[in-house]
Structure formats: structure tokens, C-alpha cells
2 protein chains.
Amino acid sequence: MVPDAIPALKTQQPGKDPGKDPGKDILAELPAYDLIELFFFAYRDFVSDPDRILDEYGFGRAHHRVLHFVSRQPGLTIAELLDILRITKQSLNRVLKELLEKNFIESRTGTSDRRQRLLFATAQGHELALKLAKLQTRRIMRALSEMEPEAKELVSGYLLRLIDPDDTAHVKQLVFGPKETHKET
Amino acid sequence: MVPDAIPALKTQQPGKDPGKDPGKDILAELPAYDLIELFFFAYRDFVSDPDRILDEYGFGRAHHRVLHFVSRQPGLTIAELLDILRITKQSLNRVLKELLEKNFIESRTGTSDRRQRLLFATAQGHELALKLAKLQTRRIMRALSEMEPEAKELVSGYLLRLIDPDDTAHVKQLVFGPKETHKET
DNA sequence: AATTTTATGTCAGCCTTGTTGACATATCTC
DNA sequence: GAGATATGTCAACAAGGCTGACATAAAATT
């Protein structure tokens, strides 16, 4: 039913490429359709899990992201959160305000710098964050359980390398903790 | 600066869990924070690449997804596209209409079933789709190049297993082609 | 042949979550 | 004290989801 075409090739080298250099160069340029599409489908399903639960609380995905990182990093500041999420403070403020009002997050004035707001998840906030994390963990574990033990290290190494090089150090610190240097396989 | 807390544990077993069963059960329930967060960061950067180019054409990510799958699967029907993207026909129609008007996609009446619309990328459409796919491929290849040769197979196996089990067969067919059965590592 | 189902299109309105720009306040730094 | 910084807030807008209702052509069923 669905034609099994490879339009990329048809469009790319439809007569002859004036650049020449066949072989490995062409391979390097051949789109990795499989990984591109699998990434799309996997992410689609991965983020869909929490949606139903979030709905019950009147929250959306934006709330989830904020709650997750605050729960994981108690004392996170607004600036750090903005840097992680890469959204504007106005966007953040909208969802953050709701999380504060509904008592899932609380904000305390910074001690060393009283301009800062330090964000903490409340008991209720931690509970919801954990519930959602567990849901996603179940999916991850299902996938990993069918694979070699080294799979986890390999996958996390891959995902880390997919990130913008300027950001890997920052992400590494956020994900694995500030202390460890962490070496990859 | 950032506390290295593990709120999950604090919140989960803060006194004693009446459920009991310590040991491996707790391990199974421990959230895979690293993979959850790396997935978020990696996807964030992965989809950001095409954004600048899409901007030049007045398109967004929604257009990208539609164009990508139509380009990959010439003759795709509306129904199949809706099933892939998991959005409503109204949402699809909005972006599809623009892709048709700007001549990146064309629609032909189905031959066997004249109710259907078969979608095809135009030359211009293929060109843009390929440009975007190459951009994402570059990122993927950069990551893979630093890893073992088996990494690609392992990663695609992982992503495939992350997908809803009911969908894996369908996705496999879409991604790897209808003929092959494809066995994983 | 008449009826029902299916594939698609379209109008109208709403929600979430992103954006920009402007401006206010408290606090820190120099 | 002046300027920079961290945050908050108002207003308006855009993209891209959603629901519900209704229309049409073609296929399928009875």
C-alpha cells in the first residue's frame, strides 16, 4: 500500500553530483531516517504517559517540567530554571504561579542573595513528581530489561552526545550531580 | 550551590513503608532520573536544529513533521498521517493547507478509492525535507561517531522498545519498510 | 436502488504554552 | 548614590493542540 520509495536518493543525486567523491562521503550524508523517526515516536509515547495524570490535577506538560526539575533540585533559582527549560520568564511565571498557588512548589527568599527566589517542592509536589517519574521509569525499564546490561550506559552516552556540545557539561552536572566527573564508555 | 538531594527517597520511604518487601523491589521502583532528563535535553536540542531553517519558510515544527512523513512515504493518505502524528484532522489540515498552498506538498485523488487524498512532496518539498533530515543526521552522526559501531543498533533497539507495544509493529513497518521483518540485537 | 458508512474538508471557538515589549521593585555591586 | 541584576507583571500576539458541528463525495451494505 505504501510505496517503499527513497526520495532522498532520487532528489539528491538525480543525475550526477558535481562534487564527486563517492563511497563513504555519500554514506556520511545519507539521512539517518530510522533514528530520526524512532526518536520522534519514542518521545511521543514517552511524554504521553504523564499526560493523563497531569490532567487530573489541571496541569499540563509545562507544569510537569517545572515540577520535575524543582523536585530534583531543591533550592533551584528562577534563573537556573529558565536556563534549563529555555523559555521566557513570562512563560515560566504563568505555570510556576499555578504550581505555587496549588501548593506543589514553594518559594523562599535566597539567603546569600535576597533577590533570588529558591524553589522547593512541597510534600505534595514531591509526591506528584515521583509518581510521574515512576511512570516514565516503568517504560524505560521495560525497554532496558529486554536488552544487554550495558545498554543503559550506552543509551545515556548517546543521549548525552546528542546534546549541544556547549551544554553537555551543564547537563552532566544537572543529571549526574555536581561532584562526579563521570567518564563514558 | 545546587543541593545534591534525592528527594525521591526522602518522600517515598520517609518512615517505614507498610508495604514492605525491601531490596530489589525498591531498586525496580527507583526513578531513572538520568535517562528521563537526558531524553528531555537531547530531544530539546534535536528538534531545535531545523527551527531556524523552517523559520525562513514561514513554517513551524508541525509543518516539519507533516512534510517529513509525506516526503518519506509518497502516497501517504490523510488517515495514515493522522495515525502517525496523533493529532486531529483539524490540526493537520491547518498546516497541510499551508504546505499545499506553498507548493511543498501536492494532493492527488486516490485511484482505488477516490475518497482518499494521496499526498506527495513536490521537488521543492523533498528538497526542504532532505535539508532538515541532513541537519538532524549530522547531530546523530556526531554522537555515534564517538561510540562503538554497535551503538546505532543498540540505540534504535532501545527507542523502538520505548514505543507503545501496540504500535511497535506499525512503527517498524514505517521506519524500516513494509517488507522486512527485522530482528533486533 | 436506497441507505449507511467512510474519508475528507471546513467553520467556529477555545486552551496551553510559547513569544515580544514595556515597566516596576528589591537588592546587590561598585 | 548609581548602575546592574533577579524577579514579577501587564498586555498582546502566535503556533499548534483541542472539541463540536456540519457538508460532500464515494464506497460499502442491505
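Just so it is clear: chains get the letters A, B, ... in the order the sequence lines come, proteins before strands, and each one is counted from 1. Only heavy atoms go into these numbers, but all of them, side chains included; no hydrogens, no water, no symmetry mates.
As a whole-Å value, the separation of A/I78 CD1 from C/dA26 C1' is 15 Å. Note: CD1 (A/I105) to C1' (D/dT7) measures 16 Å, nearest angstrom. Here the C1' atom of nucleotide D/dG8 and the CG atom of A/L119 are 13 Å apart, to the nearest Å. Atom P of nucleotide D/dT19 and atom CG of B/L82 are separated by 12 Å, given to the nearest angstrom. The CG-C1' distance, from B/L92 to D/dA15, rounds to 15 Å in whole Å. Atom C1' of nucleotide D/dA15 and atom NE2 of B/H63 are separated by 9 Å, given to the nearest angstrom. The nearest whole Å value for the distance from the CD1 atom in B/I87 to the P atom in D/dT19 is 12 Å. If you take CG of B/N93 and P of D/dG16, they are 14 Å apart, rounded to a whole angstrom.
Side-chain N/O atoms of B/T88 include none lying less than 4.0 angstrom from OP1 or OP2 on D/dG17.
In this structure B/F69 satisfies the ring-ring contact (aromatic ring centres under 6.0 Å, His included) test together with A/F40, A/F41, sequence neighbours excluded. Take B/T77 and apply the side chain to side chain donor-acceptor pair (under 3.5 Å) test, not counting sequence neighbours, and it matches B/E80. Partners of B/D83 according to the salt bridge (Lys or Arg N to Asp or Glu O under 4.0 Å) rule, which considers only residues two or more places apart in sequence or in another chain, do not exist here. Scored by the ring-ring contact (aromatic ring centres under 6.0 Å, His included) test, B/Y158 finds no partners at all (sequence neighbours excluded).
Looking at residues 94-104 of chain A, you'll see A/K97 sit with a heavy atom under 4.0 Å from some atom of DNA chain D. Interface residues of residues 43-61 of chain A facing DNA chain D, ordered by number: none; criterion, heavy-atom separation under 4.0 Å.
The list of salt bridge (Lys or Arg N to Asp or Glu O under 4.0 Å) pairs with a residue in residues 89-103 of chain B, not counting sequence neighbours, is empty. Contacts classified as salt bridge (Lys or Arg N to Asp or Glu O under 4.0 Å) and involving residues 114-123 of chain A (residues at least two apart or in different chains) are given here: A/D113-A/R115. Pairs engaging residues 92-119 of chain A under the ring-ring contact (aromatic ring centres under 6.0 Å, His included) rule: A/Y57-A/F104, A/F59-A/F104 [sequence neighbours left out]. The list of salt bridge (Lys or Arg N to Asp or Glu O under 4.0 Å) pairs with a residue in residues 103-112 of chain A, not counting sequence neighbours, reads A/E106-A/R108.
Here the side chain of B/E146 pairs no donor or acceptor atom with the backbone of A/R161 at under 3.5 angstrom. Remark: side-chain polar atoms of B/D34 are not paired, donor with acceptor, to backbone N or O of A/V175 under 3.5 angstrom.
Candidate nucleotides C/dT19, C/dG9, D/dT7 were compared by shortest atom distance to the side chain of A/R117, and D/dT7 ranks first.
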Tell me, for nucleotides 22-30 of chain D in 5' to 3' order, what letter each nucleotide earns: B for a base near a protein heavy atom under 4.0 Å, S for only sugar-phosphate near one, - for neither? ----BS---
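A salt bridge links B/R86 with B/D167: the closest approach of a Lys/Arg side-chain nitrogen to an acidic carboxylate oxygen falls below 4.0 angstrom. For the pair A/D49 and A/R138, the salt-bridge criterion is not met [side-chain N within less than 4.0 Å of a carboxylate O].
The closest side-chain heavy-atom distance from A/I163 to B/L38 is below 4.5 Å.
For the pair B/T77 and A/S91, both in contact range of DNA chain C, the more 5′-proximal nearest nucleotide belongs to B/T77.
Both cation-pi conditions hold for B/R72 and A/Y33: the charged atom is under 6.0 angstrom from the six-membered ring centre and inside a 45 degree cone around its axis.
Applying the 3.5 Å distance criterion, the base of C/dG21 shares a donor-acceptor pair with the side chain of A/Q90.
For the helix from C/dA1-D/dT30 to C/dC30-D/dG1, the end axes, each set by the C1' atoms of five terminal pairs, are bent relative to each other by 30° (nearest 10°).
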